[in-house]
Amino acid sequence: MTDARVIENGQALTVEIDTNIYPDVVIDKVLYWYSVDYIILRKKVTDSSIEQVTFRSKDSSSEIDWTNVIAELSQKLIDFKNRKVVQDETSNLRELFFAKAFANNDDFVEFDFKD
């Protein structure tokens, strides 16, 4: 994240995320987990790599500790980015393992189902 601001008298939070650092797929995965508790609005800042994300609580009667939300959001962005890096780096190995697992298809038993 590049910036986080509490807005609307503490009723909402706006964060700015640099899409050069966190790809769109990472942002999507992180925001998915917050969609249970928050209404999430996303907006691309014109002529920049910044995406502005606004969180509003679905339960307006409760007070939210936005400091914890910011810390958790930052941690999840890092976590999911690292998961994506590992997934990208190991995708060839997974393909090889699947190919090897199914390469010996002559060993499979064929069943002849008759009534």
Side-chain angles (χ1 to χ4, degrees):
M1 285 186 303
T2 60
D3 189 28
R5 294 180 307 271
V6 177
I7 59 172
E8 298 177 10
N9 296 323
Q11 296 299 311
L13 171 72
T14 295
V15 296
E16 292 180 353
I17 302 171
D18 190 341
T19 55
N20 287 331
I21 299 171
Y22 301 105
D24 197 48
V25 67
V26 170
I27 297 170
D28 286 342
K29 284 183 178 185
V30 171
L31 294 181
Y32 169 76
W33 295 106
Y34 285 94
S35 65
V36 172
D37 298 320
Y38 301 99
I39 298 168
I40 299 172
L41 305 170
R42 295 174 69 175
K43 183 173 88 172
K44 179 91 169 116
V45 177
T46 308
D47 297 330
S48 76
S49 63
I50 301 297
E51 185 164 322
Q52 191 177 54
V53 181
T54 302
F55 297 85
R56 284 192 182 86
S57 177
K58 289 182 179 179
D59 180 16
S60 60
S61 64
S62 64
E63 190 172 317
I64 298 169
D65 182 5
W66 292 111
T67 306
N68 286 341
V69 173
I70 293 167
E72 187 179 272
L73 178 63
S74 179
Q75 180 62 40
K76 284 186 178 184
L77 283 167
I78 293 167
D79 180 41
F80 278 101
K81 181 176 180 183
N82 284 329
R83 289 175 189 225
K84 176 151 179 39
V85 168
V86 170
Q87 181 182 15
D88 291 347
E89 290 177 351
T90 60
S91 65
N92 291 340
L93 289 174
R94 271 186 310 227
E95 289 175 15
L96 289 172
F97 288 140
F98 281 120
K100 182 174 170 121
F102 294 107
N104 297 325
N105 60 0
D106 293 335
D107 295 338
F108 294 135
V109 177
E110 291 186 25
F111 294 99
D112 187 18
F113 294 104
K114 295 182 180 175
D115 290 332

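For the single chain, residues carry numbers from 1 onward in sequence order.
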Residues, nucleotides or ligands: over 12 heavy atoms within 6.0 Å of Glu63 CD: no

Lys76 NZ: over 12 foreign heavy atoms closer than 6.0 Å: yes

Cluster link Trp66 to Ile7, ILVMFWY, side chain under 4.5 Å: no

In one Ile/Leu/Val/Met/Phe/Trp/Tyr side-chain cluster, 4.5 Å: Leu41, Ile17: no

Main-chain N/O of Ser49 paired to Thr19 side chain as donor or acceptor, under 3.5 Å: yes

Verify same cluster id: Val25, Leu31 (apolar side-chain graph, 4.5 Å): yes

CZ-NZ distance between Arg83 and Lys29, expressed to the nearest 0.5 angstrom: 8.5 Å

Lys44 NZ: over 12 foreign heavy atoms closer than 6.0 Å: yes

Aromatic ring pairing Tyr34/Phe55, orientation class (parallel under 30°, perpendicular over 60°, tilted between): perpendicular

Side chain proximity check, Arg42 to Asp24, heavy atoms < 4.5 angstrom: yes

Interatomic distance, Tyr32 atom OH to Ile40 atom CD1 [nearest 0.5 angstrom]: 11.5 Å

Side-chain H-bond candidate by donor/acceptor type, Thr14 with Thr54, under 3.5 Å: yes

NZ or CZ of Arg94 within 45° of Phe97 ring axis and under 6.0 Å: no

Reported OG-to-CG distance for the pair Ser57 and Leu13, which is rounded to 0.5 angstrom: 11.5 Å

Atom pair CG (Asp79) and OG (Ser74), whose distance is rounded to the nearest 0.5 Å: 11.0 Å

Phe80 vs Ile27, side-chain contact (heavy atoms from CB on, under 4.5 Å): CA-CA, chis, key distance, verdict: CA-CA 8 Å; Phe80 278 101; Ile27 297 170; over 6 Å; no

Any Ile39 side-chain heavy atom under 4.5 Å of Lys58 side chain: yes

Hydrophobic cluster identity match, Leu73 and Ile50, side-chain contacts under 4.5 Å: no

Polar side-chain atom of Lys81 near backbone of Pro23 as donor-acceptor pair, under 3.5 Å: no

ILVMFWY network linking Val15 to Trp33, side-chain heavy atoms under 4.5 angstrom: yes

Spatial distance of atom CD1 (Ile64) from atom CG (Asp59) [nearest 0.5 Å]: 8.0 Å

Point-to-point distance, once rounded to the nearest 0.5 Å, from OG1 of Thr2 to CD1 of Ile21: 7.5 Å

